[in-house]
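See structure below.
Here is the naming used below: chain letters follow the sequence lines, and residue numbers restart at 1 for every chain.
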Amino acid sequence: MPELPEVEAYRQLAEQALGRMVSTVRVTDPRFVRGPSGPAALVGALRQHRFVAARRHGKLLVLDLDSGHRLGLHFGMTGRLLVDGTPGVDGLLYSSDRGLPVWDRLIVGLADGGSLVVSDPRLLGGASLDPDEQRLGPDARSVTPAELRRALAGSASALKARLLDQAKLAGVGNLMADELLWRASLAPGRRAGSLSPAEQRRLLHHLRATVELLMARGGSHMGDLMAERHPGGRCPRDGAGLRRSTIGGRTSWWCPAHQR
DNA sequence: ATTGTGGCCTGCCCGC
DNA sequence: TGCGGGCAGGCCACAA
């Protein structure tokens, strides 16, 4: 599903749309437009304008317009970005590769004949005009030691729940969190505020490494733990039976032998 | 303020 | 072969 690695791929793809005039905008399902501005305002802000920058903050893709407005795109778990018909990622876990036209929720037609399309079968993503980027915590790809410390300090939440809280740290989703904690040898249910300085350093090291690895491999579902994330799955490191827990409302797979 | 829970949304997979 | 239940999780509203 689209976590930081996929959205970064979408961002790079979206750069191909920069500088090109938007001629038509179609919102095929009003539910796809989120936030205070409705579909009409969003359409009006885009039409006859050009995208001037493609930025990513966590899982939020922001396309700046020459009007000063910003188009925010989030992709939920099944959202896909296509520019000129080319998808930003190849396989998307939990989504379908059929790409039915009815799943196209936002269709931005460009004056040169190209297009920028968001396809989202389950409508869990959305588009918003001028999204509030301040709500998001530091981006997981560039978070500093001090920022990570602040994100965890004093929290009674489970560590994994904290990592998934986009207001505290932006970009980590369920699959990447499991992979990251497995690599860092930290149990997902640990209290976030209980990490020692050494454990925080270890977490940050593996956060950076995991983000870069999954981007290089092409998706958040490309981690080493992924294949064992099922009943009967075994830890790829030590062979112990993996445990399944619900943490932060999400299915979590972890190794009770080496994650402490 | 923090923390946890449930609902949204629908394609897909499994068992019958 | 068709049907129905359960599952997946990013995000948000809501409760305590």
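- The CG atom of A:Leu169 sits 15 Å away from the C1' atom of C:dG10 (whole-angstrom rounding).
- Taking atom CG of A:Asn174 as the reference point, atom P of C:dG10 lies 5 Å away to the nearest angstrom.
- Sorted by first and then second residue, the pairs that involve residues 230-242 of chain A and meet side-chain hydrogen bond (donor to acceptor under 3.5 Å, both in side chains), not counting sequence neighbours, are A:Ser185-A:Arg237, A:Asp238-A:His258.
- Ion pairing between A:Lys160 and A:Asp178 holds under the 4.0 Å rule for side-chain N and carboxylate O.
- Atom CG of A:Leu61 is separated from atom P of C:dC11 by 13 Å (rounded to the nearest Å).
- Of the candidate nucleotides C:dA8, B:dT10, C:dC12, C:dC12 has the atom lying nearest to any side-chain atom of A:Arg135.
- Of the two residues near DNA chain C, A:Trp253 and A:Phe75, the one whose nearest nucleotide lies more 5' is A:Trp253.
- To the nearest angstrom, P of C:dG10 lies 14 Å from CG of A:Leu136.
- Closest contact between the side chain of A:Gln166 and the listed nucleotides C:dC11, B:dT10, C:dG10 involves C:dC11.
- The heavy-atom pair separating A:Gly72 from A:Pro131 by the smallest distance is CA-CG, 3.7 Å.
- Direction change of the helix axis from one end of the helix from B:dT2-C:dA16 to B:dC16-C:dG2 to the other is 40°, with five pairs defining each end axis (rounded to 10°).
- Summarising the geometry, the separation between CG on A:Leu159 and C1' on B:dT2 is reported as 17 Å, rounded to the nearest angstrom.
- A:Leu4 has its side chain within reach of A:Arg141: a pair of non-hydrogen atoms, C-beta onward, lies under 4.5 Å apart.
- A:Arg244 has a side-chain polar atom (N or O) that falls below the 4.0 Å cut-off from OP1 or OP2 of C:dA8.
- Under 4.0 Å is where a charged nitrogen must lie from a carboxylate oxygen, and between A:Arg208 and A:Glu212 no such pair does.
- OP1 or OP2 of B:dG11 has at least one side-chain nitrogen or oxygen of A:Trp103 nearer than 4.0 Å.
- For the pair A:Asp120 CG and C:dG10 C1', the computed distance is 10 Å after rounding to whole Å.
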In the 5'-to-3' direction, what one-character label does each nucleotide of nucleotides 3-8 of chain B receive under the scheme B = base within less than 4.0 Å of a protein heavy atom, S = sugar-phosphate only, - = no such atom? SS--BB

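- Under the 4.5 Å side-chain criterion, counting only non-hydrogen atoms from C-beta, A:Arg229 is in contact with A:Asn174.
- Across the protein-nucleic acid pair, A:Arg122 atom CZ and C:dA8 atom P stand 11 Å apart, rounded to whole Å.
- Ion pairing between A:Arg55 and A:Glu133 holds under the 4.0 Å rule for side-chain N and carboxylate O.
- Partner of A:Val25 under the side chain to side chain contact (heavy atoms under 4.5 Å, CB included) criterion, chosen from A:Ile107, A:Leu106, A:Leu71: A:Leu106.
- By the 4.0 Å N-to-carboxylate-O rule, A:Arg20 lies close enough to A:Asp112 to be salt-bridged with it.
- We find that CG of A:Leu175 is positioned 14 Å from C1' of C:dC7, with the value rounded to whole Å.
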